[in-house]
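So that the names make sense, note that chain A is the first sequence line, chain B the second, and so on, each numbered from 1.
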Number of protein chains: 2
Amino acid sequence: MLSGKFAITIHILTLLTKFPNDFLSSEFIAGSINLNPVLVRKEIANLKAHHIVESKEGKNGGTRLAKNATDITLKEIFQMTFDTINLGYAKNQPHPDCPVGKKINENLSGLYADLNEKVSLELKNITLEDFSNQF
Amino acid sequence: MLSGKFAITIHILTLLTKFPNDFLSSEFIAGSINLNPVLVRKEIANLKAHHIVESKEGKNGGTRLAKNATDITLKEIFQMTFDTINLGYAKNQPHPDCPVGKKINENLSGLYADLNEKVSLELKNITLEDFSNQF
DNA sequence: GCATACTGTAATAAATTATATTACAAATAT
DNA sequence: ATATTTGTAATATAATTTATTACAGTATGC
């Protein structure tokens with residue numbers, strides 16, 4: 001899955017916030033991000049599934065916000081584009097007979113869950129409107 | 001660079017903490033992580049550069065902690081294995097003539113710096129000793 | 001001093017993941 | 001009708017991560 005998911009999604013949403021009365025095409029959005037339009041449409045599909053935007057098919061179609069930018073927090077966007085804050089895991093299954101190997105992933109998960117909470121707390125206080133106002 | 005860097009490094013350090021009197025070989029450590037020994041040695045090189053561990057070459061050589069586990073915080077480990085908390089950037093340079101494209105990366109960086117601070121604050125309070133005691 | 005068991009590091013290969021492209025059916029405005 | 005756009009699948013390319021091979025250098029202990 002797209003690793004720039006969060007960044008791409010927030011870029012899309014910022015554009016939609018800046019043009020609240022227009023249906024923006026994936027082509028137009030892709031031009032600003034400099035990304036393939038198909039990938040933009042994929043992220044829009046995700047946003048639609050979460051009822052954050054709505055699209056219109058056909059000529060002059062496109063996408064716009066489905067709710068007010070003041071009612072969307074970065075926490076929501078984070079949650080729909082990122083599992084959790086995560087400093088990574090070693091790729092292979094660690095050795096199950098080693099006391100450390102046996103529990104390392106569990107303990108890392110615990111740590112990451114902790115970090116995730118701090119980050120979520122922070123993101124909950126920033127609305128899409130706040131973020132967009134910086135532009 | 002290794003994306004499991006943090007996890008691998010903390011795994012290595014936990015092992016060293018559990019066997020504080022031994023020089024552990026990269027082969028032994030690699031067995032617990034289930035990772036190629038060369039990659040273990042690479043992470044150890046990084047740890048050595050930060051004076052957290054010391055190694056002995058030659059027969060019966062290996063690596064051990066160079067300071068007490070109570071004096072190493074997860075923040076240090078985080079900093080030496082991860083640049084910053086980071087929810088990602090779109091891969092390509094965004095369009096410079098678009099007001100959003102022009103500033104998106106700057107604004108994302110600002111946000112990430114903010115998150116980074118929260119995470120660092122949390123990690124500063126956890127020592128390697130604390131982490132190791134969970135095993 | 002010689003065999004052995006390590007570290008250190010470079011070079012290359014293989015695997016995985018991320019992004020881009022192509023293609024086309026379905027929808028809708030004019 | 002035609003043009004434009006979404007939606008989505010299939011496939012290709014590029015980038016990144018991890019693994020492997022190779023070997024020089026170093027300490028240990030016989």
Side-chain angles (χ1 to χ4, degrees), chain A residues 1-9 11-12 15-16 19 22-50 52-66 81-83 86-94, chain B residues 1-9 11-12 15-16 19 22-50 52-66 81-83 86-94:
Chain A
M1 230 308 122
L2 233 44
S3 94
K5 236 168 128 60
F6 176 82
I8 291 165
T9 298
H11 192 148
I12 293 169
L15 286 169
L16 297 180
F19 299 93
D22 300 328
F23 283 91
L24 303 184
S25 76
S26 62
E27 189 91 28
F28 173 81
I29 295 170
S32 171
I33 305 179
N34 187 12
L35 189 74
N36 194 287
V38 174
L39 301 178
V40 171
R41 299 206 281 271
K42 254 185 197 153
E43 293 317 307
I44 285 174
N46 189 26
L47 284 163
K48 277 172 58 181
H50 288 83
I52 290 175
V53 305
E54 57 196 9
S55 316
K56 200 170 61 173
E57 291 188 27
K59 186 165 179 181
N60 297 335
T63 301
R64 70 175 178 193
L65 288 182
T81 56
F82 227 91
D83 277 343
N86 180 317
L87 307 182
Y89 294 91
K91 184 187 150 215
N92 304 321
Q93 173 107 41
Chain B
M1 232 306 123
L2 233 43
S3 94
K5 235 168 127 61
F6 176 82
I8 291 165
T9 297
H11 193 147
I12 294 169
L15 285 169
L16 297 181
F19 299 92
D22 300 328
F23 283 92
L24 303 184
S25 75
S26 62
E27 190 92 26
F28 174 82
I29 295 170
S32 172
I33 307 180
N34 187 12
L35 189 75
N36 195 286
V38 174
L39 301 178
V40 171
R41 298 207 280 271
K42 253 184 197 154
E43 292 317 307
I44 284 174
N46 189 27
L47 285 164
K48 277 172 57 182
H50 288 82
I52 290 175
V53 306
E54 57 196 7
S55 316
K56 200 169 61 172
E57 292 189 27
K59 188 168 179 181
N60 299 332
T63 301
R64 69 175 178 192
L65 288 181
T81 56
F82 226 92
D83 276 344
N86 181 316
L87 307 181
Y89 294 91
K91 185 187 151 213
N92 303 320
Q93 173 107 41

Quiz item: Which atom names give the shortest non-hydrogen contact between B:F23 and B:G62, and what distance separates them?
Solution: CD2-O, 3.5 Å
Quiz item: So which one's nearest nucleotide on DNA chain C is more toward 5', A:N36 or B:G61?
Solution: B:G61
Quiz item: Relative to the 5' end of DNA chain C, which residue comes earlier, A:K56 or B:E27, by the nucleotide with the nearest heavy atom?
Solution: B:E27
Can you tell me how far [atom2] of [N] sits from [atom1] of [X], to the nearest Å?
{"X": "B:E57", "N": "C:dT4", "atom1": "CD", "atom2": "P", "value": "20 Å"}
{"X": "B:E54", "N": "C:dT7", "atom1": "CD", "atom2": "C1'", "value": "14 Å"}
{"X": "A:R41", "N": "C:dT19", "atom1": "CZ", "atom2": "C1'", "value": "15 Å"}
{"X": "B:F23", "N": "D:dT26", "atom1": "CZ", "atom2": "C1'", "value": "14 Å"}
{"X": "A:K42", "N": "C:dA20", "atom1": "NZ", "atom2": "P", "value": "11 Å"}
{"X": "B:K5", "N": "D:dT16", "atom1": "NZ", "atom2": "C1'", "value": "14 Å"}
{"X": "A:F28", "N": "D:dT5", "atom1": "CZ", "atom2": "C1'", "value": "15 Å"}
{"X": "B:L24", "N": "C:dC6", "atom1": "CG", "atom2": "C1'", "value": "13 Å"}

Quiz item: If you check every side-chain atom of B:V38, which of C:dT16, D:dA22, D:dA15 has the closest atom?
Solution: D:dA22
Quiz item: Of A:P37 and A:K59, whose nearest nucleotide on DNA chain D comes first from the 5' end?
Solution: A:K59
Heavy-atom distance under 4.5 Å between the side chains of [X] and [Y], does that happen here?
{"X": "B:I44", "Y": "B:I29", "result": "yes"}
{"X": "A:I8", "Y": "A:L35", "result": "yes"}
{"X": "A:I33", "Y": "A:I12", "result": "yes"}

Exercise. With rounding to the nearest 0.5 Å, note down the distance linking NZ in A:K91 to CG in B:N34.
Key: 9.5 Å
Quiz prompt | Short side-chain N/O contact from B:S26 to OP1 or OP2 of C:dT7, under 4.0 Å | solution = yes
Quiz item: Are any of A:N60's side-chain N or O atoms less than 4.0 Å away from OP1 or OP2 of C:dT30?
Solution: yes
